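Structure first, commentary second.
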Amino acid sequence: MDLKPNPTAPVLADPVTISKSRLVVPSGLLPCSPPASVFSPNLLTAPRKKAGILDDVRASSWLDAMKSSSPRHKITMDYNHELVSADTDVAYHTWMVKYPSALTSFAQITNFAEGKRIALFLDYDGTLSPIVDNPDLAFMSIDMRAAVEKVAKYFPTAIISGRSRDKVYEFVGLTDLYYAGSHGMDIMGPVRQSSDDAPNCIISTDKQGKEVNLFQPARELLPTIEEVFNSLVKSTKEIKGAKVENNKFCVSVHYRNVDEKNWNTVAQCVHDVIRNYPCLRLSHGRKVLEARPVIDWDKGKAVTFLLESLGLSDCDDVLPIYVGDDRTDEDAFKVLREGNCGYGILVSSVPKESNAFFSLRDPQEVMEFLKSLVTWQKKKSAL
Ligand SMILES: O=P(O)(O)OC[C@H]1O[C@H](O[C@H]2O[C@H](CO)[C@@H](O)[C@H](O)[C@H]2O)[C@H](O)[C@@H](O)[C@@H]1O
């Protein structure tokens, strides 16, 4: 799979993912379907398909994607590239013309927010916490936690992560926020006025005993995902550095610490397991392959869902801002861009094609941005 930017292709399209979902997602649930179908109860009716020769081709295309996303193989413009050189510094400044810094454009953002309520959506890894080798040690700093806590006092704030909801809650450790785990497939939010349009919602209680709404559109697949997790742990156990993470509604296979000469073994192991589960598809993040349910649900849908749940879906009164660094965050950027209703902010220290409007270099700048929002809101309230 070639991840190089192609001006004629949709931004960051993932051919493997797309072709697989086209095979199995009921037509009414395809991304272009009208919003009414978003909460269809039939999200999991994926027909069985046989594994075939195409699957081997797909396994090798995943290896290509893994290689092309490594710094030695690419110069600019892709999602897992993490080295910064003098050349890329020049490229970065050129790129920033298209994706200006949210800090230097702060006045523009807040001008647009005049008379509106800001709703804030934050990704976790690479946004609130720096990318580190061991996913279990991706802690956010004390300062960042304080900044998130403050900003959430002034603006409705949600964390939307690829991690399991419990895990990201453990990392963030703040109560006055909303949390969506598994790339938006596990949302704990406020009780909706009407759940007619969201049949996968159940009433539950949060850790403080407060009544909340739990939305888990792939709930039926939990045993399957557990099974896949166990198979992947088993099949990758001999690969030095490989790590399998159970994110509840998706399974992540990390290859950040695997010698590049063994990446093909990782790709093959993952592919060999996933090919037996047509209800799952593969996607690719920062040095990670992820198996996730074939349902028409992503971080973009999660943003729409949370805005509705919070009674904040009127674009005239609300300005949603989504801050994220990875490919799955693009779904949310796209929803905001296409709905012409909010701003996506891409966190990146290298140029990447994106549906975001603005950029921030790293979590440190994210923290500055959050603090600026608080200062701005405080000043406004004091007037
Ligand atoms: O949506 P996010 O909150 O950004 O989560 C996406 C994935 O993040 C984690 O993996 C990434 O960060 C790790 C820690 O810095 C890094 O070691 C890994 O290489 C990155 O891919 C998390 O472990 C995954 O489960 C998430 O899906």
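Read the numbers this way: they start at 1 and go in the same order the structure lists the ligands and their atoms. Small disclaimer: the values here were computed from a predicted structure and weren't measured.
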What is the nearest protein non-hydrogen atom to [atom], stated with its residue, atom name and distance?
{"atom": "atom 11 (C) of ligand 1", "answer": "Ile131 CD1, 4.0 Å"}
{"atom": "atom 23 (O) of ligand 1", "answer": "Glu245 OE1, 2.6 Å"}
{"atom": "atom 16 (C) of ligand 1", "answer": "Val132 O, 3.2 Å"}
{"atom": "atom 7 (C) of ligand 1", "answer": "Asp125 OD2, 4.2 Å"}
{"atom": "atom 20 (C) of ligand 1", "answer": "Arg286 O, 3.3 Å"}
{"atom": "atom 19 (O) of ligand 1", "answer": "Arg256 NE, 2.6 Å"}
{"atom": "atom 2 (P) of ligand 1", "answer": "Asp123 OD1, 2.9 Å"}
{"atom": "atom 10 (O) of ligand 1", "answer": "His254 CE1, 3.4 Å"}

Sort out for me which residue in Phe305, Tyr179, Phe249, Tyr178 forms a ring pair (Phe, Tyr, Trp, His ring centres under 6.0 Å) with Phe215.
Phe305
Checking ring pair (Phe, Tyr, Trp, His ring centres under 6.0 Å) between Tyr343 and each of Phe112, Phe106, Phe369, Tyr322, which is the one that passes?
Phe112
I'd like to know if the side chain of Asp272 pairs up with that of Gln268 as donor and acceptor (distance under 3.5 Å, no hydrogens or angles considered).
yes
Have Glu227 and Tyr277 got a donor and an acceptor in their side chains that come within less than 3.5 Å?
yes
Going by the order shown, which atoms of ligand 1 are within less than 4.0 Å of some heavy atom of [X]?
{"X": "Pro130", "answer": "15 (O)"}
{"X": "Glu290", "answer": "26 (C), 27 (O)"}
{"X": "Tyr124", "answer": "3 (O)"}
{"X": "Asp133", "answer": "17 (O)"}
{"X": "Val288", "answer": "21 (O)"}

Please report the C-alpha distance between Glu308 and Ser313 in whole Å, then the side-chain angles of each, then the deciding distance to 0.1 Å, and finally whether the side chain to side chain donor-acceptor pair (under 3.5 Å) criterion is met.
CA-CA 5 Å; Glu308 281 175 16; Ser313 45; 5.4 Å; no
Just going by heavy-atom distances, which of Gly324, Ser161, Ala180, Gly181 is nearest to atom 3 (O) of ligand 1?
Ser161
Consider every N or O of Gly162 and every N or O of ligand 1, then say whether any pair is closer than 3.5 Å.
yes
Can you give me the closest heavy-atom contact between Leu319 and Cys341, atom names plus distance?
CD1-O, 3.8 Å
Note: Gly126 and Arg286 closest approach over all heavy atoms is CA-NH1, 4.2 Å
Tell me whether the centres of the aromatic rings in Tyr99 and Phe357 are closer together than 6.0 Å.
no
For [X], which part has a heavy atom under 4.0 Å from ligand 1: side chain, backbone, both, or neither?
{"X": "Lys299", "value": "side chain"}
{"X": "Ser252", "value": "side chain"}
{"X": "Asn247", "value": "side chain"}

Electrostatic pair Lys243-Asp136, nearest N-O below 4.0 angstrom
yes
Yes or no on salt bridge (charged side-chain N to carboxylate O under 4.0 Å, His left out) for Glu170 and Arg165, after CA distance, side-chain angles and deciding distance?
CA-CA 9 Å; Glu170 211 179 283; Arg165 184 169 44 78; over 6 Å; no
Over-ring placement of Lys167 relative to Phe171, 6.0 Å and 45° cut-offs:
yes
